[in-house]
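What follows is a short report on a single structure.
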Amino acid sequence: MTTAAGQPTVDLREPAGWRRAKNQIATTLMWVAFVFALIPLGFVLYTVIARGASAISWQFLTGSPIPPNVLPIGVGGMGPAVLGTIEITALAALMAVPLGILGAIYVNEYGGNRLLARVVRFMADVMTGVPSIVMGLFIFSIWVLHFGYSGLAGAFALGCLMLPVVIRSTEEMLKLVPDSLREASYALGATKARVTLTVVLPAAIGGIVSGALLAVARAAGETAPLLFTILTVTSYNANVFSGANTALSAQIFSNATQPYTGAQSRAWGAALTLIAMAFILLVAARFVTARFTRYSR
């Protein structure tokens, strides 16, 4: 076949026979796997929304103090836990995300196959598999026993959990940046630091933000490290650097294990609040990433 200009056309369709059948089978299996992966997620979201929506109110989100387990749902609120979650997770992200990105930049852009780069990769892989309760015990032994319970101790524990995820995800995103972009920048006389800052990082910013969000989501829902580092209080503590604190995950654990109806309702409401906070963070980060990517082109 030829076009109106006399140029031959190229048929991009799969050839008939077994190759096309294999393509259709693989596509069908991927869709089936996708649907099966969505089923448990859908059940989790439905259950949390169905049981937690009735507990959500302005009083629940901002009220203080957190009531005893025996009291009904309309008394008090989870305000201290909401504030504690925001404080501790934000401080952990402030420590772990920049360090993780800088570590990944060194490993991928500067370290190469040097000993230090191999050690960083190995330790990041090891830390990714460390149970969260072990990280909590580690911070308890080196910090809490000497300086007491505080939101800062909880942030240290969550930051240690976030750091390897940020390092590995950022490194993989940096590997996806084509070397031709780096070579073109070097040809124009740019230094390695300038190329990394103005070419490589903007090209990989979407994946870097996604990896950071994955790390933050993992840390925000952790309970075991916080039980060893922040204790659990029922009133506001705006000072994240001193004094015991609380968080939504700790309150979910505390209330869900109780037989009282009010406590269980507060646990479902806190779980829904935590999911909503993660969803809002995801939408905001996607919006910022889209605008940054547009301006960096």
Side-chain angles (χ1 to χ4, degrees), residues 37 40-41 44 84-111 116-140 142-143 151-177 196 200-230 240 247-250 252 274-275 277-286 288-289 292-293:
L41 176 62
V44 169
T85 299
I86 295 174
E87 288 179 341
I88 296 170
T89 306
L91 184 57
L94 189 63
M95 293 186 292
V97 172
L99 286 176
I101 294 175
L102 290 175
I105 290 174
Y106 168 76
V107 168
N108 190 75
E109 302 296 323
Y110 293 90
L116 180 58
R118 295 201 303 269
V119 170
V120 172
R121 290 192 189 97
F122 175 75
M123 295 304 297
D125 291 336
V126 171
M127 288 179 64
T128 303
V130 172
S132 59
I133 191 170
V134 175
M135 202 65 71
L137 285 171
F138 171 70
I139 299 300
F140 175 81
I142 69 170
W143 184 268
L152 179 61
F156 283 146
L158 298 186
C160 291
L161 294 173
M162 294 168 60
L163 185 60
V165 179
V166 176
I167 292 176
R168 296 301 289 163
S169 61
T170 302
E171 183 188 2
E172 293 302 320
M173 291 303 104
L174 294 177
K175 288 180 179 178
L176 295 178
V177 178
T196 302
V200 178
L201 285 180
I205 189 65
I208 292 174
V209 172
S210 298
L213 285 174
L214 178 63
V216 171
R218 177 192 176 186
E222 289 290 350
T223 304
L226 300 184
L227 296 178
F228 290 96
T229 53
I230 68 172
V240 72
L248 285 171
S249 56
I252 292 171
L274 194 58
I275 291 176
M277 291 172 63
F279 179 76
I280 292 172
L281 178 64
L282 174 63
V283 172
R286 289 297 183 184
V288 172
T289 303
F292 188 91
T293 304

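- None of V177, I105, N108 except one satisfies the side chain to side chain contact (heavy atoms under 4.5 Å, CB included) rule with V200; the exception is V177.
- Residues A93 and M162 share a closest heavy-atom pair of CA-CE, 3.5 Å.
- To the nearest 0.5 Å, the span separating CG on L201 from CD on E109 amounts to 8.0 Å.
- Here the closest non-hydrogen pair linking P225 and L161 is CG-CD1, 3.9 Å.
- In plain terms, the two heavy atoms of L227 and A250 that are nearest each other are CD2-CB, 4.4 Å.
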Evaluation steps, side chain to side chain contact (heavy atoms under 4.5 Å, CB included), between I167 and M123: CA-CA 10 Å; I167 292 176; M123 295 304 297; over 6 Å; no
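- Annotation: the span from T170 atom OG1 to I205 atom CD1 amounts to 9.0 Å, rounded to 0.5 Å.
- Minimum interatomic distance between L226 and A247 (heavy atoms only, all atoms of both residues): CD1-CB, 3.7 Å.
- Once rounded to the nearest 0.5 Å, the distance linking CD of E171 with CD1 of I208 reads 11.5 Å.
- Of all non-hydrogen atoms in L158 and A92, the two that sit nearest each other are CB-CB, 3.8 Å.
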W143 vs T229, side chain to side chain contact (heavy atoms under 4.5 Å, CB included): CA-CA, chis, key distance, verdict: CA-CA 9 Å; W143 184 268; T229 53; over 6 Å; no
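- Side chain of S169 to backbone of V166: a donor-acceptor contact under 3.5 angstrom is found.
- Rounded to the nearest 0.5 Å, atoms CZ (F140) and CD1 (I133) are 12.0 Å apart.
- Taking all atoms of both residues into account, the shortest heavy-atom contact from P164 to A124 is CB-O, 3.3 Å.
- When the shell of 6.0 Å around CZ of F138 is examined, it contains 12 or fewer heavy atoms from other residues, nucleotides or ligands.
- Rounding to the nearest 0.5 Å gives a distance of 9.0 Å between OG1 of T128 and CG of L163.
- Residue pairs meeting the side-chain hydrogen bond (donor to acceptor under 3.5 Å, both in side chains) criterion with at least one member in residues 214-224, sequence neighbours excluded, are S132-E222.
- Under a cut-off of 6.0 angstrom, the local environment of OH in Y110 is crowded, with over 12 non-hydrogen atoms contributed by other residues, nucleotides or ligands.
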Steps toward side chain to side chain contact (heavy atoms under 4.5 Å, CB included) verdict (F228, M135): CA-CA 9 Å; F228 290 96; M135 202 65 71; over 6 Å; no
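- Taking OG1 of T85 as the reference point, atom CD1 of I230 lies at 7.5 Å (rounded to 0.5 Å).
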Step-by-step side chain to side chain contact (heavy atoms under 4.5 Å, CB included) determination, L176 to M173: CA-CA 5 Å; L176 295 178; M173 291 303 104; 3.9 Å; yes
